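Note sheet for the following structure.
Everything quoted here is computed from the prediction, not taken from an experiment. One-based numbering along the sequence shown.
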Amino acid sequence: MKGMIPDDVDADADADADADAVPRKGKVVTTKPPPILPDELIEEILLRIPARSLVRLRNSVCSSWRTLISSSQFAKDHLRRSMAVDPALTHPRIACYGQTYLYPTIGVFSVRSVMGNPPREPTKVVPYDYEGSFRLIIGSCNGLMCLHDEEGQAMLWNPCTGFTSQPLEIGCLLSICGFGYDHVNDKYKLFAVVKKKSGESVSRMFTFGPNSTWRTIQDFPHKLGDRNYRGSMVDLVGLFVSGTGTLNWLFHRYLSFVWVLSLDLVKETYSQFSLPSRDSDDDHRVAPQLGILRDSLAVCYETKKTHWTVWLMKDYGVPQSWTKLAIIPHHPRLDRRPSSLRPIYMLKNVLLVFTPCGEFVLCNLNDGSIDFPNIDSSSDYMPRPRPLTQYSYERIFQLYHESLVSPSHFGLPSCSSEMRLMKPSL
């Protein structure tokens, strides 16, 4: 009859049960094999795990998981999920390094630790070393940092996975530059204004891949040292805004306005837009500072010599979308000279900023309080190490988000031995 179990099936089931029976102190305990999850469900579960944890899993689990976690498509899916659904999957970190080439060390520390630790509990800086002279971090995007040295070489490094690209000969020193991601063509690009032997400046784009080469593109609309240009550039390194595929430079003109020059890495064309209007009684000699908050362009002004105002651009490239995000009152420890704060990161109602004096500052936007986090850099092998909260003029900082993206995913030979975690001397 339909629904009845044949006798031979019962016999087979009994045989299987006997095979699974395990004697234990005179008793028989029946065990069952663990359930087998579909590959699609396993992948969905792994996509919900932070990048750093996945790196540990990749090195200690079965080969099928290792292959999945190491794949280019999984890295893209994990990155996409972290940006759209759960930012906690890609923990923010800050890399710091000396301004000179004499100290080949890059220190890395956790932003969440800076913002979450009690005031007296220090955040540790983890040092990395490289035998060569890769010192300048041009920029970061999707967990990759672009490093450049004084000998004309570039290298991509993912601090989370430990993988780097092999050094690439780019054959020039960079002045105006920037590193970012062309999301339409799935390409990582390095932009630079370089000087020829003749002294002429030329704008070039370097696309990372199997056949990495420079291409000349439209001239950058500003030349260094041009006295006839209508403004000065606040920072030579362009700021990459994820999701827009753009590099951004801030221009400032004394007693006049400020604006942003944008380079579209997809179209490789330039555009510009204005910043929020300043009050007439502001000190216009003080240049604003550009930053990225919540994946959007942000700018900070000093206002009326009494406070700082932070603005957020809701709709990229549309000046009318500038929205006032925060007002930060002046603090005696930060009032040594007129200056603007650089927005670094925002978690809930707390804003992390960096001052021209070289201090990290935590600003509580609810009650207006200001705290100075304790960052222990005693192990970063810098000259005369001291806490990063005390005037770190000799250091430069770069925010990045952890990911699984590897240089090998877009055709670059990669290895895991170029950047080494430094062990403290005994």
Side-chain angles (χ1 to χ4, degrees), residues 76 79-87 90 92 138-144 146 176-191 203 205 217-218 220-222 231 233-253 257-278 287-301 308-326 340-347 351-354 365 398-401 403 405:
K76 291 179 183 178
L79 182 65
R80 190 179 301 112
R81 181 180 181 86
S82 66
M83 296 176 64
V85 180
D86 188 2
T90 56
I138 297 175
S140 70
C141 67
N142 297 345
L144 290 175
C146 182
I176 302 171
C177 59
F179 171 68
Y181 177 62
D182 172 357
H183 57 284
V184 173
N185 299 298
D186 191 23
K187 300 291 184 182
Y188 289 86
K189 294 181 177 181
L190 168 63
F191 166 80
S203 298
M205 190 72 74
I217 65 171
Q218 179 184 352
F220 193 75
H222 170 75
M233 186 181 296
V234 176
D235 197 333
L236 296 178
V237 179
L239 195 62
F240 178 71
V241 181
S242 178
T244 69
T246 62
L247 293 171
N248 299 266
W249 292 265
L250 183 62
F251 283 83
H252 170 251
R253 186 176 182 182
F257 56 95
V258 290
W259 69 98
V260 172
L261 177 66
S262 171
L263 169 59
D264 188 322
L265 293 177
V266 179
K267 302 176 181 177
E268 299 185 352
T269 57
Y270 306 95
S271 62
Q272 68 178 49
F273 50 85
S274 60
L275 268 68
S277 300
R278 307 184 71 171
Q289 290 291 327
L290 211 58
I292 303 293
L293 296 175
R294 298 173 177 169
D295 292 329
S296 297
L297 203 61
V299 67
C300 180
Y301 290 119
W308 294 277
T309 305
V310 180
W311 297 78
L312 196 68
M313 192 171 224
K314 296 288 188 178
D315 189 3
Y316 180 81
V318 180
Q320 294 78 12
S321 70
W322 283 111
T323 303
K324 189 177 295 185
L325 177 67
S340 292
L341 307 176
R342 181 185 294 274
I344 300 294
Y345 189 75
M346 188 170 182
L347 181 63
L351 176 64
L352 177 65
V353 299
F354 188 67
L365 304 185
Q398 176 68 53
L399 178 77
Y400 72 95
H401 293 263
S403 81
V405 178

Self-check item: Partner set under side-chain contact (heavy atoms from CB on, under 4.5 Å) for Ile292, not counting sequence neighbours
Solution: Leu239, Val241, Leu297

Practice problem: For the residue pair Leu265 and Thr246, establish whether any side-chain heavy-atom pair is separated by less than 4.5 Å. | Solution: no

Quiz item: Would Asp186 and Tyr181 count as having a side-chain donor-acceptor pair, cut-off 3.5 Å?
Solution: yes

Quiz prompt | Set of side-chain contact (heavy atoms from CB on, under 4.5 Å) partners for Leu347, sequence neighbours left out | solution = Arg112, Met115, Tyr345

Quiz prompt | With sequence neighbours excluded, residues passing side-chain contact (heavy atoms from CB on, under 4.5 Å) with Ser296 | solution = Leu312

Exercise. Check the side chains of Tyr270 and Asp264 for a donor-acceptor pair under 3.5 angstrom, ignoring hydrogens and angles.
Key: no

Practice problem: Please examine the side chains of Leu275 and Leu250, heavy atoms only from C-beta on, and report whether any two atoms are closer than 4.5 Å. | Solution: yes

Self-check item: Heavy-atom closest contact (His252 atom, Val234 atom, distance)
Solution: CB-CG2, 3.9 Å

Exercise. For Tyr316 and Asn248, test the side chains for any donor-to-acceptor distance below 3.5 angstrom and give the result as yes or no.
Key: yes

Quiz item: Can Lys267 and Asp182 be counted as an ion pair, charged N to O under 4.0 angstrom?
Solution: no

Exercise. State, with a plain yes or no, whether a side-chain heavy atom of Met346 is found less than 4.5 Å away from one of Leu325.
Key: yes

Quiz item: Side chains of Tyr188 and Cys146: closer than 4.5 Å at any heavy-atom pair?
Solution: no

